[in-house]
Amino acid sequence: MLSAAHSSCPVLPSLRRLASAASSARTASPTTQSARRTRRTYATHAEDAFRIPLIDFSKYRNAKSTAEKEQTAQDIVRGFTDVGFIYLNNHGIPQGTVEGAFKQSAEFFKLPIEKKTELAWRDPRANRGFVQVGRERVTQSADAEEIKALRAKAPDYKESMEIGRDWDKAYRNYWPQEADAPAFRRTMLGFFQTCHELHVLVMRSIALGLKLDEAFFDDKIHEQYHNLRLLSYPPIKRQLLSGDGQARAGAHSDYGTLTLLFQDSVGGLEVQNPHTGQFQPATPIPGTIVINAGDLLARWSNDVLRSTLHRVVAPPAKQISETEEITPARQSIAYFCNPNQGAEISCLPTCLVPGSKPKYPPVTTEEYIVGRLQATYV
């Protein structure tokens, strides 16, 4: 693991993206390169230069001035610019709160399948309810027929429970009976709100890092048009995951602004190195949240911030016979953060080089996300 502190370089990320990393490496002196290596902290198990930054968010949360906040904000934006992923440490969510959500999630997935299918996911506009193994096939494709073929050939081996804002007048959450899952609803609604509050803080840091007003995104994310996804990856025989294109969750990017991922110790998340195309492990680090930028944040920033492909693969399997192995169960919780439902996502003023044009036309949050979800589910 490399060690380091923060850089105070004021260069706009939009201009940094245009600079060649290789050119920077060639022009930097050995002393400068050494200093860079000792100024930042990374978490990685890869041998090349692709590393997911480990960010101490307490330095932002406890900062006494905007200047102090900007130091962490620049590191966060640099992580999303270079990799698209960060590990967030000292994020402010108590470990007991996370453990409580995991406990309730595990108890829910132990319910009989009949109880869970009563709560089945029905509508991409609502994006709520239980999704059984094989119903979803995440991919980068937006072609419904192509996804249908992928789903038939290599479905995702996971089940999930999708939860949205509970006060929505158009779409309701599907809750198990209290007798079947005591405290489940209360726990998940509290966790939903806790994650939203962290989302607001991280988006404020991103605003500062992009040279915007710290509160720039506040009125564009306050509707809490988010999705809390509980995920269960059941034990599965290794041979069932050995087919072409098969994974516990296929390679994909996320749709919104940010995803907050809470992992158990089993692991399996892999992130694609955008420079080589190779997938590398995002190994669980206790007490941290893995956060990645989504498609809408990438569009908002004119691709200054990366929406990086990632997938979930099988962890090391346990031998159960001379010819067969079985993978362990895995749990995770993903909080998909989105802009407001009707927010127009168009290029931010600080992310456009003078004289150039935005890469993407404006789109609303609902148009983009519902379009992606319609093609993803059977």
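Aromatic pair F217/W300: centroids less than 6.0 angstrom apart.
Listed for the T117 side chain is a donor-acceptor partner under 3.5 Å among the backbone atoms of E114. Side chain of Q193 to main chain of G190: no donor-acceptor pair is present (N/O by atom type, distance under 3.5 Å, no hydrogens or angles). Formation of a donor-acceptor pair under 3.5 Å by the E107 side chain with backbone atoms of A181 is not found in this model. Formation of a donor-acceptor pair under 3.5 Å by the N292 side chain with backbone atoms of G84 is not found in this model. Side chain of S205 to backbone of V202: a donor-acceptor contact under 3.5 angstrom is found. Within the 3.5 Å criterion, the main-chain N or O of P176 finds no donor-acceptor partner in the side chain of D180. At distances below 3.5 Å, not a single donor-acceptor pair connects side-chain atoms of N173 with backbone N or O atoms of W175. With hydrogens and angles ignored, the 3.5 Å screen pairs no side-chain donor or acceptor of S105 with any backbone N or O of A101. No donor-acceptor pair under 3.5 Å is formed between the side chain of E367 and the backbone N or O of V363. A donor-acceptor pair under 3.5 Å is formed between the side chain of R306 and the backbone N or O of T81.
Counting heavy atoms from C-beta outward, N338 and Q224 have side chains that stay 4.5 Å or more apart. V83 has its side chain out of reach of R51: every pair of non-hydrogen atoms, C-beta onward, lies at least 4.5 Å apart. For the pair H222/H196, no side-chain contact is recorded, criterion being any heavy-atom separation below 4.5 Å from C-beta on. Put simply, the side chain of L348 reaches to within 4.5 Å of the side chain of F216, judged on heavy atoms. Using a 4.5 Å heavy-atom cutoff, the side chains of V98 and I93 are in contact. By the 4.5 Å heavy-atom criterion applied to side chains, M161 and W121 are not counted as neighbours. At least one side-chain heavy atom of L228 sits less than 4.5 Å from a side-chain heavy atom of F191. A 4.5 Å side-chain heavy-atom check between E223 and Q341 finds at least one atom pair inside the cut-off.
P339 pairs in a side chain to side chain contact (heavy atoms under 4.5 Å, CB included) with only one of the listed residues (L297, T364, T257), which is T257. Residue D166 forms a salt bridge (charged side-chain N to carboxylate O under 4.0 Å, His left out) with just one option from R128, R185, R172, and that option is R185.
Across all their heavy atoms, A63 and K69 have their closest contact at CB-CG, 3.5 Å. Heavy atoms only, all atoms of each residue included: L309 and S253 are closest at CD2-N, 3.7 Å. The minimum heavy-atom distance between V77 and G209, with the atom names listed, is CG2-CA, 3.6 Å. Between G92 and P94, the shortest heavy-atom distance links the atoms O-CD, 3.4 Å. Here the shortest heavy-atom pairing between G100 and T187 reads O-CG2, 4.0 Å. Heavy atoms only, all atoms of each residue included: Q272 and G277 are closest at NE2-O, 3.2 Å.
Hydrophobic clustering (ILVMFWY, side-chain heavy atoms < 4.5 Å, transitive): Y171 and I369 are in distinct clusters. In this structure, L210 is not a member of the same hydrophobic cluster as Y360, with clusters built from ILVMFWY side-chain heavy atoms closer than 4.5 Å. Residues L260 and L201 share a single hydrophobic cluster, defined by chaining ILVMFWY side chains whose heavy atoms lie under 4.5 Å apart. No continuous path of ILVMFWY side-chain contacts below 4.5 Å connects I163 to F336, so the two sit in separate hydrophobic clusters.
In summary, the side chains of T259 and D254 do present a donor paired with an acceptor at a separation below 3.5 Å, with no hydrogens or angles considered. Side-chain atoms of Y335 and N227 form no donor-acceptor pair, as typed in the model, at a separation below 3.5 Å. Judged purely by distance below 3.5 Å, without hydrogens or angles, the side chains of D56 and N90 pair a donor atom with an acceptor atom. Side-chain atoms of S160 and E162 form a donor-acceptor pair, as typed in the model, at a separation below 3.5 Å.
Within a 6.0 Å sphere centred on CD of Q177, other residues, nucleotides and ligands contribute 12 heavy atoms or fewer. Counting non-hydrogen atoms of other residues, nucleotides and ligands closer than 6.0 Å to NZ of K115 gives a total of 12 or fewer.
Of the inter-residue distances, the one linking S58 atom OG with N89 atom CG reads 7.5 Å to the nearest 0.5 angstrom. For the atom pair F109 CZ and L230 CG, the distance stands at 5.5 Å (nearest 0.5 Å). From I291, atom CD1 reaches atom CG of L88 across 4.5 Å, with rounding to the nearest 0.5 Å. For the atom pair L189 CG and R186 CZ, the distance stands at 10.0 Å (nearest 0.5 Å). The distance from atom CZ of F184 to atom CD of Q104, rounded to the nearest 0.5 Å, is 7.5 Å. In this structure, CG on L208 lies 12.0 Å from CE on M203, to the nearest 0.5 angstrom.
The existence of a salt bridge linking E159 and K116 is confirmed by a sub-4.0 Å separation between a basic side-chain nitrogen and an acidic carboxylate oxygen.
Between F192 and H226, the two ring planes are tilted [angle within 30° to 60°]. Taking the six-membered ring for Trp and thresholds of 30 and 60 degrees, Y255 and Y368 have ring planes more than 60 degrees apart, a perpendicular arrangement.
A search for side chain to side chain donor-acceptor pair (under 3.5 Å) contacts involving S307 returns D295, not counting sequence neighbours. Listed by chain and residue number, C347, C351, L352, P358, K359 satisfy the side chain to side chain contact (heavy atoms under 4.5 Å, CB included) test with N302 (two or more places apart in sequence, or in another chain).
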**Report entry** Trace of the side chain to side chain contact (heavy atoms under 4.5 Å, CB included) decision for L258 with I206
**Finding:** CA-CA 11 Å; L258 300 172; I206 290 171; 4.0 Å; yes

Query - Audit row: I55, H91, side chain to side chain contact (heavy atoms under 4.5 Å, CB included) steps and yes/no - result: CA-CA 9 Å; I55 306 293; H91 41 73; over 6 Å; no

Requested in this report: Evaluate the criterion side chain to side chain contact (heavy atoms under 4.5 Å, CB included) for residue pair V290 and I285; output intermediate values, then yes/no.
Outcome: CA-CA 9 Å; V290 177; I285 300 177; over 6 Å; no

Query raised in the report: Does the side chain to side chain donor-acceptor pair (under 3.5 Å) test come out yes or no for Y225 and D168, once each step is laid out?
Result: CA-CA 9 Å; Y225 187 61; D168 197 296; over 6 Å; no

Requested in this report: Go through the steps for Q71 and Y60 under the test side chain to side chain contact (heavy atoms under 4.5 Å, CB included), then give the verdict.
Outcome: CA-CA 8 Å; Q71 293 178 19; Y60 180 89; over 6 Å; no

I'd like a table of donor-acceptor pairs (distance under 3.5 Å, sequence neighbours excluded) in which one partner is a side-chain atom from residues 262-270, with atom names and distances.
unit_1: Q263; atom_1: OE1; unit_2: R330; atom_2: NH2; d: 3.3
unit_1: Q263; atom_1: NE2; unit_2: A282; atom_2: O; d: 3.4
unit_1: D264; atom_1: OD1; unit_2: V266; atom_2: N; d: 3.0
unit_1: D264; atom_1: OD2; unit_2: Q331; atom_2: N; d: 2.7
unit_1: E270; atom_1: OE1; unit_2: R311; atom_2: NE; d: 2.9
unit_1: E270; atom_1: OE1; unit_2: R311; atom_2: NH2; d: 2.9

